[in-house]
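Everything numeric here is computed off the predicted structure, so don't read it as measured data.
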Amino acid sequence: MDFPISKNQFVGLVELSEVDSTNKELLRRLDADTPEFFAVTADEQTAGLGRLGRNWVTESGKALAVSILLKPVSTRQTDWITIMAGLALGSALEKFGVKSSLKWPNDILVEGKKLSGILAELVNPSTVVLGIGINIKPQKHSPDTATSLQELGVAIGKDQLLGAIASELRSYWSELLANPEVAIARFQAELSTRCGTLGTKVRAELPGGKNLYGVAVAIDDTGRLIIETPEPVALAAADVWHLRN
Ligand code: BTN
């Protein structure tokens with residue numbers, strides 16, 4: 001389904017100049033009547049949250065930080081939120097001529113560097129806060145492994161970016177709500193072209209700190225990464241590094 005490219009696709013958008021974290025702010029504003037696709041954005045985050053307990057720096061005016069409320073009705077949808085958001089983001093960026101690739105499970109890379117990160121927080125089985133950060137300009141302490149739209153020579157305003165994200169997310173999410181099994185099969189096919197992790201030698205650091213080395217061969221139908229070490233291992237959560245093939 002096609003949705004207009006407009007930030008009006010959010011069902012209520014709170015735009016702040018500064019906040020600790022848009023994910024935390026959305027949680028504070030959440031009540032039983034908060035609609036799906038309610039969103040919070042901010043020019044600056046003073047305590048942004050990254051994956052696996054890390055910080056996510058958002059200096060004033062340097063990045064897009066947005067958090068969006070989703071209401072899954074089954075675990076099939078919940079399992080796929082992060083990857084679905086990565087695909088939707090890849091598709092939104094493509095509208096501005098930016099060719100990105102998804103590093104499983106939540107990074108958007110351009111030319112091997114991180115442009116964007118996704119943090120989906122499960123509040124309860126039917127409530128997920130989906131946080132998206134996109135680097136627009138270089139920040140003071142950006143690591144060498146990061147890039148930004150400005151460094152890529154792409155000038156997109158925040159509103160345009162928000163509009164494209166809202167429209168693509170609505171489209172991917174409506175697919176996943178309407179028929180999860182059909183949508184997941186389609187997402188898996190799309191991953192074969194959009195996911196740079198597949199077919200790549202990787203080092204996967206597991207939550208306990210153990211490292212696994214192998215080739216990433218598939219993403220299964222619950223969104224886990226399968227790596228051959230050489231025996232196949234399914235990873236639900238890990239930090240993945242792409243190694244040279
Ligand atoms: C990661 O790559 O570690 C995930 C980063 C997610 C950052 C976004 S910015 C908007 C939202 N609010 C937060 O505090 N974090 C997410």
Polar side-chain atom of Thr193 near backbone of Ala189 as donor-acceptor pair, under 3.5 Å = no
Might you point out which heavy atoms bring Ala39 and Ile68 nearest each other, and give the distance in Å?
-> CB-CG1, 4.1 Å
Flag the pair Ile5 / Lys95 as yes when at least one side-chain heavy-atom distance between them is below 4.5 Å, and no otherwise.
-> yes
Is there side-chain contact between Leu102 and Asp107, with at least one heavy-atom pair below 4.5 Å?
-> no
Specify the closest pair of heavy atoms between Gly90 and Ser100, including all atoms of both residues, with the distance to one decimal.
-> CA-OG, 3.7 Å
Same cluster for Leu119 and Leu122 if Ile/Leu/Val/Met/Phe/Trp/Tyr side chains link at under 4.5 Å?
-> no
Taking all atoms of both residues into account, what is the closest heavy-atom pair of Gly199 and Val215, and its distance?
-> C-CG1, 4.1 Å
What's the verdict on salt bridge (charged side-chain N to carboxylate O under 4.0 Å, His left out) for Glu111 and Lys99, showing C-alpha distance, side-chain angles and the deciding distance?
-> CA-CA 9 Å; Glu111 295 163 6; Lys99 274 216 117 349; over 6 Å; no
Considering all heavy atoms of both residues, which atom of Ala166 and which atom of Ser6 are nearest to each other, and what is their separation?
-> CB-O, 3.8 Å
Go through the side-chain N and O atoms of Ser148 and Gln150 and say whether any donor and acceptor fall under 3.5 Å apart.
-> no
Say whether Asn23 and Ser21, considering side chains only, have a donor N or O and an acceptor N or O under 3.5 Å apart.
-> no
Heavy-atom distance under 4.5 Å between the side chains of Gln9 and Pro4, does that happen here?
-> yes
Kindly confirm or rule out a cation-pi arrangement of Arg29 over Phe38, judged by NZ or CZ under 6.0 Å from the six-membered ring centre and within 45° of its axis?
-> no
Among the clusters formed by ILVMFWY side chains lying less than 4.5 Å apart, do Phe10 and Leu69 turn up in the same one?
-> no
To the nearest 0.5 Å, how far apart are CD1 in Ile184 and CG in Leu191?
-> 11.0 Å
Side-chain (Glu36) to main-chain (Lys71) donor-acceptor, under 3.5 angstrom | yes
Please assess Lys7 against Glu15 for the test salt bridge (charged side-chain N to carboxylate O under 4.0 Å, His left out), listing each intermediate value before the final yes or no.
-> CA-CA 11 Å; Lys7 63 179 188 176; Glu15 299 184 81; 3.2 Å; yes
Quick one: do Ile136 and Lys62 satisfy side chain to side chain contact (heavy atoms under 4.5 Å, CB included)? Show the steps, please.
-> CA-CA 5 Å; Ile136 293 179; Lys62 300 285 176 69; over 6 Å; no
Gap separating the OG atom of Ser192 from the CD1 atom of Ile219, nearest 0.5 angstrom | 9.5 Å
Sidechain N-carboxylate O distance under 4.0 Å for Glu181, Arg76 = yes
Indicate yes or no: does Lys140 engage Glu59 in a salt bridge with an N to O separation below 4.0 Å.
-> no
Donor-acceptor pair, Glu168 side chain versus Ile165 backbone, under 3.5 Å?
-> no
Without swapping roles, check the side chain of Glu18 against the backbone of Ala42 for a donor-acceptor pair under 3.5 Å.
-> no
Would one find more than 12 heavy atoms of other residues, nucleotides or ligands at under 6.0 Å from atom CD of Glu205?
-> yes
Cationic N near anionic O, under 4.0 Å, Lys201 to Glu228 | no
Answer yes or no: is there a side-chain heavy-atom contact under 4.5 Å between Leu198 and Val217?
-> no
Step by step, work out the side chain to side chain contact (heavy atoms under 4.5 Å, CB included) result for Thr46 and Val19.
-> CA-CA 6 Å; Thr46 54; Val19 74; over 6 Å; no
Any side-chain heavy atom of Leu235 within less than 4.5 Å of one from Leu212?
-> yes
Would you mind reporting whether Leu109 and Leu115 have side-chain heavy atoms less than 4.5 Å apart?
-> no
Mind listing the closest non-hydrogen atom pair of Thr34 and Asp31 along with its distance?
-> OG1-N, 2.8 Å
Quick one: do Arg51 and Asp239 make a salt bridge, cutoff under 4.0 Å?
-> yes
Taking atom CG of Asn124 as the centre, report whether more than 12 heavy atoms of other residues, nucleotides or ligands fall under 6.0 Å from it.
-> yes
Inspect the contact between Lys137 and Glu151 and indicate whether a charged nitrogen and a carboxylate oxygen are less than 4.0 angstrom apart.
-> no
So, Thr22 and Gln45: side-chain donor and acceptor under 3.5 Å apart, yes or no?
-> yes
For side chain to side chain contact (heavy atoms under 4.5 Å, CB included), just list the numbers for Leu70 and Ile81, CA-CA rounded to whole Å, side-chain angles, deciding distance to a tenth of an Å, and then say yes or no.
-> CA-CA 9 Å; Leu70 295 179; Ile81 285 177; 4.1 Å; yes
Can you tell if the side chain of Leu169 reaches within under 4.5 Å of the side chain of Ile132, non-hydrogen atoms only?
-> yes
Measure the spacing between CG of Asp79 and CG of Asp221 and express it to the nearest 0.5 Å.
-> 8.5 Å
Separation of Leu49 CG from Asn55 CG (nearest 0.5 Å) | 8.0 Å
Could you give the distance from CH2 (Trp104) to OG1 (Thr200), rounded to the nearest 0.5 Å?
-> 14.0 Å
Would you indicate whether the side-chain heavy atoms of Ser91 and Arg194 approach each other to under 4.5 Å?
-> yes
Stepwise side chain to side chain contact (heavy atoms under 4.5 Å, CB included) test for Thr41 and Leu16 = CA-CA 6 Å; Thr41 184; Leu16 304 169; over 6 Å; no
Please check if any side-chain donor atom of Trp173 sits under 3.5 Å from a side-chain acceptor atom of Gln77, or the reverse.
-> no
Between Ile134 and Ser116, which heavy-atom pair has the shortest distance, and what is it?
-> CG1-OG, 3.7 Å
Could you give the distance from OG (Ser167) to OH (Tyr172), rounded to the nearest 0.5 Å?
-> 10.5 Å
